[in-house]
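Just so you know, these numbers use all the heavy atoms, side chains as well, and skip hydrogens, waters and symmetry mates.
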Amino acid sequence: MKSSPWARNIFLSVWAVLMTALTVVLGAVSLKALRSHGGRWPYWGLSFATVLGLGIGGVALGAHTGALQMLLLSVIFLSLVLLVGLFSEFEEMGMTLQVAAFFALAITVLAASGGFALWASVLGPGWTKIFVGGIDSVVIKPLLTLNSEVKVTAQDIAGQLPSIVIMAWLGALYLAVALESRVWGRGTPSSKLRTQLFEIKMPDAVVWVFILALLGSFFTGVNNKWVEVISINALNLTMMLFFFQGIAVISKFFTTVCMSGFWQMIFMVFIVVNLFIFVSLLGLVDHWIDFRSRMAKRAQQFNKEA
């Protein structure tokens with residue numbers, strides 16, 4: 001017996017909230033499936049109703065334990081709703097993966113910046129103390145609970161928060177496109193842009209930003225805190241972009257050697273979790289060497305010889 005479309009849409013919406021609460025980024029996968037499976041208006045209607053429900057729940061809890069977490073969840077979920085929704089709209093317009101992701105991310109960043117500026121203006125001059133205190137409560141204390149030797153401070157997190165948030169959004173979009181069809185099996189259409197994940201190649205401008213960010217972070221003689229903060233954030237973002245390019249190279253290698261889907265998944269999880277810097281550097285080097293073209297030529301030569 002098949003479930004009704006609305007029942008499936010509600011399930012995807014609830015599952016998106018759960019995955020956002022547990023992992024932050026994986027909520028985008030269910031949201032992308034909801035947008036593809038349910039359509040435009042059910043997506044926006046259900047998603048905003050869910051955000052409103054989370055916000056009201058957080059306000060209703062007041063000073064009780066969990067109120068801050070629920071309000072934070074509603075903000076994070078709202079950002080994913082906006083990001084995935086905009087990306088899907090641009091996808092339907094026929095934009096490429098990188099162009100659709102750029103515009104969706106740019107609008108989401110502007111909206112988030114406006115919301116943050118409004119929040120800071122309402123709180124007044126004391127917003128920095130509240131902001132840093134919130135990071136200490138939500139991030140630092142849980143980290144210290146897991147590992148008492150963690151040396152990172154709330155100020156360190158606050159300085160890199162812009163790039164951390166954007167990196168999370170980038171990862172969410174990547175996973176949404178890559179895993180969308182697995183959320184609801186064959187019933188959920190896969191993104192038309194999924195094949196472009198394996199063709200990602202960063203433009204020359206990203207390389208120059210990486211070089212300047214590297215110089216500003218570690219090798220500049222300018223003793224300026226703002227230069228250092230901007231450089232580190234830019235370095236984080238460019239490393240993330242080259243990470244995606246490195247993943248595309250590794251995926252091409254797996255395909256070339258005819259590795260089974262199961263082992264591809266095992267190795268990919270290991271690589272993503274443990275070898276972020278290595279994969280990013282692989283993506284950077286690929287900008288000049290073009291490993292995928294070389295692998296394609298080798299495969300053609302092997303087929304001819306065979």
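- Panel note: side chain Ser280, backbone Met239; a donor-acceptor pair is recorded below 3.5 Å.
- Two residues are said to be in side-chain contact when any heavy atoms from C-beta on lie closer than 4.5 Å; Val84 and Tyr43 meet this criterion.
- Annotation: side chain of Phe77 is in contact with side chain of Leu31 (closest heavy-atom distance under 4.5 Å).
- Every side-chain hydrogen bond (donor to acceptor under 3.5 Å, both in side chains) that Asp290 has, sequence neighbours left out, goes to Ser293.
- Legend: side chain to side chain donor-acceptor pair (under 3.5 Å) pairs involving residues 234-246, not counting sequence neighbours, sorted by first then second residue: Gln160-Asn236, Ser163-Asn236, Gln245-Asp286.
- With sequence neighbours left out, Thr20 forms a side-chain hydrogen bond (donor to acceptor under 3.5 Å, both in side chains) with no residue at all.
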Sequence neighbours left out, cut at 3.5 Å: what donor-acceptor pairs do the side chains of residues 117-133 make with other protein atoms?
from: Ser121; atom 1: OG; to: Ala117; atom 2: O; distance (Å): 3.3
from: Ser121; atom 1: OG; to: Leu118; atom 2: O; distance (Å): 2.7

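- Scanning for side-chain hydrogen bond (donor to acceptor under 3.5 Å, both in side chains) contacts around Asp204 gives His287, with sequence neighbours left out.
- Annotation: ring pair (Phe, Tyr, Trp, His ring centres under 6.0 Å) contacts of Phe244 (sequence neighbours excluded): Tyr174.
- In terms of the side-chain contact (heavy atoms from CB on, under 4.5 Å) criterion, residue partners of Phe103 (sequence neighbours excluded) are, by chain and number, Phe90, Met95, Val99.
- Scanning for ring pair (Phe, Tyr, Trp, His ring centres under 6.0 Å) contacts around Phe243 gives Phe276, with sequence neighbours left out.
- Sorted by first then second residue, the salt bridge (Lys or Arg N to Asp or Glu O under 4.0 Å) pairs that include residues 76-90, not counting sequence neighbours, are Arg35-Glu89, Arg40-Glu89.
- Cluster partners of Leu52, by chain and number: Ile56. The rule joins Ile, Leu, Val, Met, Phe, Trp and Tyr whenever side-chain heavy atoms lie under 4.5 Å apart.
- A side-chain donor-acceptor contact under 3.5 Å links Arg294 to the backbone of Ile289.
- Trp44 is linked by a ring pair (Phe, Tyr, Trp, His ring centres under 6.0 Å) to Phe48, counting only residues two or more places apart in sequence or in another chain.
- Closest approach of Ile157 and Ile164 over heavy atoms only: O-CD1, 4.3 Å.
- For the pair Met295 and Phe253, the minimum side-chain heavy-atom distance is below 4.5 Å.
- When atom types are taken as modelled, the side chain of Asn233 and the backbone of Gly159 share a donor-acceptor pair closer than 3.5 angstrom.
- Ser13 is linked by a side-chain hydrogen bond (donor to acceptor under 3.5 Å, both in side chains) to Thr50, counting only residues two or more places apart in sequence or in another chain.
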